Amino acid sequence: MTRTLIAELRGKVGERVTIRGWVHALRDQKRMQFLVIRDESGLAQVILPKEDPPNELNEAVSTLTAESAVTIVGTVVADERVKLGGLEVRLEELHVDSLADPELPIAPDSALDKRIDWRFLDLRRPDRRLIFEVQTTAEHAMREYWRGEKFIELHTPKFMGSASESGAELFKVEYFETQAYLAQSPQFYKQMAIAAGFGRVFEVGPVFRANPSFTSRHDTEFTSVDVEIGWIDSHEDVMAFEEAWLAHVLARVKETHGEAIEATFDTEVVVPSLPFPRVTLEGAKDMLREAGHAAPGPEDDLDPPSERALSAIVKQEHGHEFAFVTDYPTTVRPFYHMRHPDRPNLTRSFDLLWKGIELTTGAQREHRYQQLLAQAEDKRVDVGPIQYYLNFFRFGAPPHGGFGFGLTRLLMQLLGQDNVREVTFLYRGPHRLEP
RNA sequence: GGGGGCGUAGCUCAGCAGGUUAGAGCGCUGCCCUGUCACGGCAGAGGUCGCGGGUUCGAGUCCCGUCGCUCCCGCCA
């Protein structure tokens with residue numbers, strides 16, 4: 001017998017069906033037994049009149065516990081009394097696939113850390129499932145757009161012999177007789193693809209950062225979305241791509257899940273208008289000062305409170321949730337970011353802020369070998385271990401640039417969540433290696 | 001790495017300025033209930049108050065240490 005999903009019951013009134021799922025609730029009364037079954041498509045009420053004395057099926061229902069996995073055979077009937085869609089299933093057969101222990105270790109309002117201990121139970125809740133439905137839709141929309149623009153998908157190695165210079169700390173792993181590192185970023189390899197003539201590339205894959213960061217937006221392993229585009233004129237081309245691509249992704253998510261997201265997470269998905277507001281870092285600091293926000297310290301960057309404040313100002317002045325901040329000084333950017341020809345202390349780089357958090361870092365890359373060498377020396381980067389990378393630029397490299405971001409940060413903002421752990425299937429942090 | 005907060009029943013929490021047998025709601029167990037739908041009613045079980053030490057006649061409560069969790073900063077995406 002084939003399985004019927006609960007969402008399909010409406011079209012099966014009068015038919016005998018098999019539904020398979022979890023015991024969501026059990027109301028075992030004197031004359032009637034009510035069972036609410038949940039599967040990935042919804043909830044359904046199952047009923048069984050209780051005989052006196054109870055028959056074998058009555059007894060079987062009585063022994064059920066919440067969250068047990070069961071297979072139900074019964075006839076679908078329409079009944080206006082039923083609040084759950086005006087439908088119910090008259091129970092005819094019950095198979096207990098797996099009886100759950102009676103006391104569950106977590107409740108919907110349990111602390112996040114405890115819910116992660118029991119993530120498989122936590123994820124049974126429909127609103128948690130929605131997170132991953134949205135992730136799937138978003139990723140699909142990204143690929144849809146990339147393919148329309150002739151991008152090639154990469155799968156770069158995660159074992160590396162040296163750092164890919166992103167400032168983040170590396171995980172060391174034993175590698176036969178030597179030592180390897182887990183990739184912090186596919187940065188060098190996506191640039192290699194450009195040097196290889198692929199034109200435009202993307203990768204969605206894991207990256208590893210050995211930062212002991214205890215915040216709501218960091219983890220030690222996360223899914224990075226990376227893009228690199230060849231034959232550009234400046235970082236402006238990269239930003240122009242990113243904003244159009246993101247607008248497409250958000251439009252797709254809104255049309256597919258907009259109502260569910262609003263109902264479940266009380267967050268509206270806003271499809272952004274183009275172009276996104278742009279401001280230089282210097283301009284951003286002026287805006288912050290004018291708004292009375294304490295000017296960021298001597299560092300050549302924005303701290304998280306300043307990023308939040310800047311987003312709020314842009315939202316108020318332009319009605320826009322996104323903001324590109326451009327032209328970061330060389331002091332806070334890696335050696336491979338291209339510098340402005342007329343202002344060599346500034347890079348052709350950008351961050352993309354969304355609702356107060358840093359979503360993306362991007363830049364035009366330096367593709368001229370001698371210039372790249374000079375910048376590495378200027379930043380005191382030991383080029384010995386990365387000669388293979390520098391070689392990409394010795395035999396004809398196109399001007400190019402790109403960006404990368406953490407998938408869960410996108411999802412977190414999209415769903416109005418306050419922690420990446422909520423939207424990560426299985427979180428990995430400094431003290432979290434299980435489950 | 002720096003700073004703040006928290007750790008009491010399976011879960012979420014309350015325990016005021018230290019004072020006999022540590023509480024609530026939910027969950028769990030049992031009984032009752034002609035259709036419930038967050039069902040309802042009655043009864044019951046369940047806690048070495050994270051751990052170690054100290055102060056005190058007396059510590060869940062105060063002090064020190066330690067472990068764990070959490071948030072912010074640093075770092076980043």
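Proteins come first, then strands; the chains are lettered A, B, ... in the order of their sequence lines, and each starts at number 1. These figures come from a predicted structure and were not determined experimentally.
Side-chain atoms of Ser110(A) lie closest to rU12(B) of the nucleotides rC73(B), rC69(B), rU12(B). Considering only side-chain atoms of Gln45(A), the nucleotide from rC11(B), rU36(B), rC75(B) that sits closest is rU36(B). Checking rC28(B), rU12(B), rG35(B) against the side-chain heavy atoms of Ala111(A) singles out rU12(B) as nearest.
Using a 4.0 Å heavy-atom criterion, one finds that Leu112(A) contacts no nucleic acid atom at all. Across all strands, Arg432(A) comes closer than 4.0 Å to no nucleic acid atom at all (heavy-atom distances). Across all strands, Asp226(A) comes closer than 4.0 Å to no nucleic acid atom at all (heavy-atom distances). Heavy atoms of Lys114(A) sit under 4.0 angstrom from primed sugar atoms or phosphate atoms, though from no base atom. Residue contacts shown for Asp219(A) include a base, since a base heavy atom lies under 4.0 Å away. Residue Glu88(A) is in base contact, counting any heavy-atom pair closer than 4.0 Å across all strands shown. As judged by a 4.0 angstrom heavy-atom cut-off over every strand, Ala66(A) is placed among residues making no nucleic acid contact. Counting non-hydrogen atoms under 4.0 angstrom, Asp79(A) reaches a base of the nucleic acid. Among the heavy atoms of the strands lying under 4.0 Å from Ile47(A) is at least one base atom, whether or not backbone atoms are also near. Thr408(A) comes within 4.0 angstrom of nothing in the nucleic acid, heavy atoms only. If you check every strand for non-hydrogen atoms under 4.0 Å, Val82(A) touches a base. Heavy atoms of Arg421(A) sit under 4.0 angstrom from primed sugar atoms or phosphate atoms, though from no base atom.
Aromatic ring pairs are classed by plane angle as parallel below 30°, tilted from 30° to 60° and perpendicular above 60°; the pair Phe241(A) and Trp245(A) is parallel. Classification of the Phe132(A)-Phe425(A) ring pair by plane angle, with boundaries at 30° and 60°, yields perpendicular. Using a 30° and 60° split on the angle between ring planes, His248(A) and Tyr145(A) fall in the tilted class, from 30° to 60°. Note: Tyr389(A) and Phe188(A) have parallel aromatic rings, judged against thresholds of 30 and 60 degrees for the angle between ring planes. The aromatic rings of Phe403(A) and Phe405(A) lie parallel to each other, their planes meeting at an angle below 30°, with 60° marking the opposite boundary.
Sequence order on RNA chain B of the closest nucleotides to Pro305(A) and Leu26(A) puts Leu26(A) first from the 5' end. With the nearest nucleotide of RNA chain B identified for both Glu80(A) and Ser224(A), Glu80(A) has the one nearer the 5' end.
Across all strands shown, rC6(B) is found opposite rG68(B) as a Watson-Crick or G-U wobble partner, with both distances under 3.5 Å. Base pairing analysis places rC75(B) opposite nothing; no Watson-Crick or G-U wobble pair with both distances below 3.5 Å involves it. The base-pairing partner of rG30(B), taking Watson-Crick or G-U wobble contacts with both distances under 3.5 Å, is rC42(B).
Using modelled atom types, one finds a donor on one side chain and an acceptor on the other under 3.5 Å when comparing Gln187(A) with Gln191(A).
Taking atom C1' on both rC76(B) and rC49(B), the two are 40 Å apart, rounded to the nearest angstrom. For rG60(B) and rU21(B), the C1' atoms lie 15 Å apart once the distance is rounded to whole Å. The separation of rC51(B) from rU61(B), taken at their P atoms, amounts to 11 Å, rounded to a whole angstrom. rA22(B) and rU48(B) are spaced 13 Å apart, taking the C1' atom of each and rounding to whole Å.
Rounded to whole Å, atom P of rU36(B) lies 8 Å from atom NZ of Lys83(A). If you take CG of Asp122(A) and C1' of rC11(B), they are 13 Å apart, rounded to a whole angstrom. Atom CG in Leu104(A) sits roughly 14 Å away from atom P in rG10(B) (whole-Å rounding). In this structure, Asp101(A) atom CG and rU29(B) atom C1' are separated by 15 Å, rounded to whole Å.
A donor-acceptor contact under 3.5 Å is formed by the side chain of Ser213(A) with the base of rC75(B). Scanning atom types as modelled, no donor and acceptor separated by under 3.5 angstrom connect the side chain of Gln33(A) and the base of rU36(B). Judged by distance alone with a 3.5 Å cut-off, a donor-acceptor contact links the side chain of His218(A) to the base of rC75(B).
In terms of phosphate contacts, Thr215(A) brings no side-chain nitrogen or oxygen within less than 4.0 Å of OP1 or OP2 of rC75(B). Using a 4.0 Å cut-off, no side-chain N or O of Arg333(A) falls inside it from OP1 or OP2 of rC76(B).
Between the side chain of Asp219(A) and the backbone N or O of Phe222(A), no donor-acceptor pair lies under 3.5 Å.
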